[in-house]
Each structure stands twice: as C-alpha cells, then as structure tokens.
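First the structure, in the form of structure tokens, and then the observations on it.
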Amino acid sequence: MSKSFSTFGLAVSAAVLTCLPAAAQTKVTNEGISASEIVIGTHQDLSGPIKGWGVPVSNGMKMAVEEVNAAGGVNGRKIRLVVEDSGYDPKKAVLASQKMIERDKIFAMVGPMGSPTVLAAQDILLDAGVLQLFPLTAAEFTYKLDPAKPQERLKFSNLLPYVESTRAALKYMMDWKNFKKPCIMYQDDEYGKNVLDGFNQQLTAMKVQPASVTSYKRGASDFSAQVAKMKSDGCDLVVLGAVLREPIGAMTEAKKLGWDVTFLGATPVNVMEVPMLGKEAVEGLYSASAFEIPYDDTAKGKVKDWLVNYKKMFGTDANSQAIIGYNAVMTFAFYANKAGKDLTGQKMLDALESGDKFLDIFNSPPTTFSKTNHLANTITQVQQIKGGRWVLVKDNLMF
C-alpha cells in the first residue's frame, strides 16, 4: 500500500475489488456501476491559473454525457459525471479524488486536469482500483507501465506525449529553419520538465548544445528576466514549455525589447485563446499539436453541427480544450459499450486493451490500446498563428 494511500486513510475495502488472473494481480473496482447508471469523476481547474483549460474541458465533458445519455446511454445505463474544482493545486486534487472515491463511489476518473495535480492523486486512484483514463496531461507517468506495479495497468492516455511531440516539432523546426542556438523557457513542474526532457533529448540526438535554459514558477505573470536572459544568450529559437498566458507574456516582452526571435510552443500552447488574447503579440508563433482546430466559418458536417450545439449549450464558442474534454467522455463511452451489458471493472479493462479503435468526428489519429501499450497517439503536427488563427504547417510528424 502506497504512502499517499495510507496518508489519506483510504481503505481498499471502500471499493468492491475484482482480482484479475494471478499473473496480472491487478485490482479494479466495480463501484459506480448500477442497473441504471455509471458514475465517473473528474477534477478540473475551474478557478485557478489554467481555468482557460479547465472550464471548456468540463463543458465538453458535460456535452458528451448529455449526448450519450440522450441516445440511450451505455448499454442502457446513463452516465453520471461528478466534477470537482482543483484550482490546479495538487493538494486540492488529492482531496477531490479522495472525496470522489469514498463518497461518490466513482467507477473511473476520466480526463482529470494537469500534470502536477494528476500526479499527486494518481496513487490514490490506482490503489483503490479506479481506472485513470485520458488525463489532460501527456506526461510519461500517465501511460508508462512498470511490470513490477500491476496497478499501473489502470492508466491510459490518449493525448500526444510531451516528450515525443516536443522532439518531433523541434527536429522539424531545426531542420527546416536551420536554427543554431535553440533555448527553452519551461514551467517548473512535471509538465514543464517533460517538455524540457524532450528538448534535451532531441538536441543531444542532433549534437547541438542549448543556448539557454530558463524556467518560471507555475502561475507566474512576469517573464522579463527570462526573456532578457534568452536574448542575451543569443537564442534564435525559443521552445515554450508553457500553457496559455505565458506564451503571450513572453512574446509581448520580446517585442518590448525589440527581439525578433522564433517561438515554438509545446502542445498545450495550441489553443484558440492564445491568438484571441495575444493578438499581434503572438503572430507567427509555432506550436506542436495533435489535431487541426476547427473554426466556425470553415467547419463542415458533424464538426459544424458540434460547434453550433456547443454554443447553444454554453453561450460561447467551442475550442480545442472543449474537444479534448468531449472526446475523453466519448472514448470512455465507446470502450464501456464494448465491455458489454454486464459491465465490470475487469470487462472494462479488457475492452480498453482489446485493440479496438475509437475514431472521433474531428479527424484525430485513432485511439487504440493493447495490453503492453496504454498510449494512443504519437503523431505530431506543427501549426502557426497567421491572421489571428492557427493554420497547419506540417502534418504526420513521427518520432
């Protein structure tokens, strides 16, 4: 039993656990399943520094739940979604997860938000036999499996991993533009360190030394010192292990200094709010990405209908974060349906590992898992902000 599990007093007996075959020895809960419903939980940042992610993600999840339930649910069971606000605070994420396990009796944690928050609560979920599905972080700890730890089999990720996507996008930019002095500014947490790992690994492979490495604290708003240092170090390409506000702040500061340098963001930078809020300051910004962002005036078919329905439900335009939240629940519903009418934790786990492919309506890469691979996507794009919106520069980058 892990230290975190003991600390928060979660007893294994709080969940009905099913043991898999002796070779696997993975415990998975049957809590949250009744004849009429399936209870799933999520923790999002609804009030903290990345609420620009958390609010639309939770909206997308609610939209998917309503859509699935209106169509009859999952083999006759309606999905009930419990949403808790973590404020992007690891301690609050732990308490929220504890509450959802002990009081709400969730069957699975779907689409929880943020690297530091997901990491803090992960052991609590796994020790209780609760599936951790499709978290809103692509950090390696969400999908990397340790054969000596059978509970890690409960982790599944469908987002583009930070290390591999950073490597693929950085390699493309270095080869394309012939940059010689790359540098990085990264958030000082698990997310930022994953981007840093990708940056360092790719430069090592290319036998290039970084010109500058600088970090900032999560929630920071002043990047003048970091930008001044990178300018002084002569960087010609800046990789941003940032989220939403930080690219705008860094590029605004660069323009104040009259510094004309190319910026490349990690995947969380690739959201509509960056060009919408940053305006001229972020024109020309590049970013790694997993799928093309749909815009209302160019979308067609099911995607156009989805955008219209989202705006009707929430009174605002949908964005890529909403799509990710929507897809998290739709992916859960797909595999829960595959698990059959007699749903159990064991059958859900088997369905996830079956190799069956989930295809969304947004032309994303297919989601598919196996017993040895719990990561669904490694195909990277590079997009750039032109005229106030993201446009595709390069597709199908693989590492």
Side-chain angles (χ1 to χ4, degrees), residues 43-58 85-93 113-120 136-139 162 166 182-196 199 211-233 235 237-289 316 319-321 324 385 388 390:
H43 58 79
Q44 302 292 329
D45 181 3
L46 305 179
S47 59
I50 59 169
K51 64 181 179 182
W53 267 84
V55 172
V57 165
S58 61
D85 181 13
S86 73
Y88 203 38
D89 181 333
K91 292 180 181 178
K92 290 182 179 179
M113 168 69 67
S115 297
T117 38
V118 170
L119 178 62
L136 273 294
T137 166
Y162 300 135
T166 299
C183 60
I184 185 170
M185 187 185 90
Y186 69 96
Q187 187 164 283
D188 189 13
D189 62 10
E190 290 302 318
Y191 154 59
K193 289 171 185 174
N194 268 253
V195 177
L196 176 64
F199 175 82
S212 184
V213 175
T214 186
S215 65
Y216 65 90
K217 294 293 182 183
R218 187 170 63 244
S221 58
D222 182 1
F223 308 100
S224 55
Q226 290 91 339
V227 172
K229 180 181 186 303
M230 292 187 292
K231 182 175 186 281
S232 176
D233 290 337
C235 303
L237 172 67
V238 176
V239 174
L240 295 169
V243 183
L244 196 160
R245 299 178 303 175
E246 300 85 7
I248 300 171
M251 294 185 73
T252 298
E253 189 65 32
K255 282 181 166 47
K256 285 182 183 177
L257 298 178
W259 185 31
D260 185 17
V261 65
T262 300
F263 286 86
L264 170 66
T267 51
V269 172
N270 185 237
V271 294
M272 287 178 174
E273 286 80 1
V274 171
M276 182 176 68
L277 299 174
K279 302 186 185 314
E280 293 83 6
V282 296
E283 274 290 308
L285 169 65
Y286 292 90
S287 178
S289 61
T316 186
N319 54 20
S320 54
Q321 302 94 300
I324 293 171
I385 296 175
W390 290 101

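Computed over heavy atoms, backbone and side chain alike; hydrogens, waters and symmetry mates excluded.
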With rounding to the nearest 0.5 Å, note down the distance linking [atom1] in [X] to [atom2] in [Y].
X: S115; Y: K193; atom1: OG; atom2: NZ; answer: 11.0 Å
X: L264; Y: L285; atom1: CG; atom2: CG; answer: 8.0 Å
X: D85; Y: Q44; atom1: CG; atom2: CD; answer: 9.0 Å
X: K91; Y: S86; atom1: NZ; atom2: OG; answer: 14.0 Å
X: T252; Y: L257; atom1: OG1; atom2: CG; answer: 11.0 Å
X: I385; Y: K279; atom1: CD1; atom2: NZ; answer: 11.5 Å

(request) Using side-chain contact (heavy atoms from CB on, under 4.5 Å) as the criterion, point out the one residue from I324, L277, L244 that pairs with V271. (result)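 Among I324, L277, L244, the one meeting side-chain contact (heavy atoms from CB on, under 4.5 Å) with V271 is L244.
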
Return the minimal non-hydrogen interatomic distance between [X] and [Y], and the atom names on each side.
X: G278; Y: I248; value: N-CD1, 3.7 Å
X: S58; Y: L46; value: OG-CD2, 3.7 Å
X: A266; Y: Y191; value: CB-OH, 3.6 Å
X: D233; Y: A211; value: CB-O, 3.6 Å
X: N270; Y: W390; value: ND2-CD2, 3.2 Å
X: S212; Y: M230; value: OG-CG, 3.8 Å

(message) What I'd like to find out is whether the side chain of V261 reaches to under 4.5 Å of the side chain of K231, using heavy atoms alone.
(response) no

(request) Determine whether Q321 and E273 make a side-chain contact, defined as any pair of heavy atoms from C-beta on separated by less than 4.5 Å. (result) yes

Is the backbone of [Y] close enough, under 3.5 Å, to the side chain of [X] for a donor and an acceptor to pair up by distance?
X: E253; Y: M251; result: no
X: Y162; Y: A138; result: yes
X: D45; Y: S47; result: yes

(message) Suppose the criterion is salt bridge (charged side-chain N to carboxylate O under 4.0 Å, His left out): which pairs have a residue in residues 258-267, not counting sequence neighbours?
(response) none

(message) Please list all pairs meeting salt bridge (charged side-chain N to carboxylate O under 4.0 Å, His left out) that have one or both residues in residues 212-228, counting only residues at least two apart or in different chains.
(response) D188-K217, D189-R218

Sequence neighbours excluded and cut-off under 3.5 Å, please list the side-chain donor-acceptor pairs for residues 49-57, or say none.
none

(request) Would you sort out whether V239 and Y186 count as a side chain to side chain contact (heavy atoms under 4.5 Å, CB included), showing the intermediate values? (result) CA-CA 8 Å; V239 174; Y186 69 96; over 6 Å; no

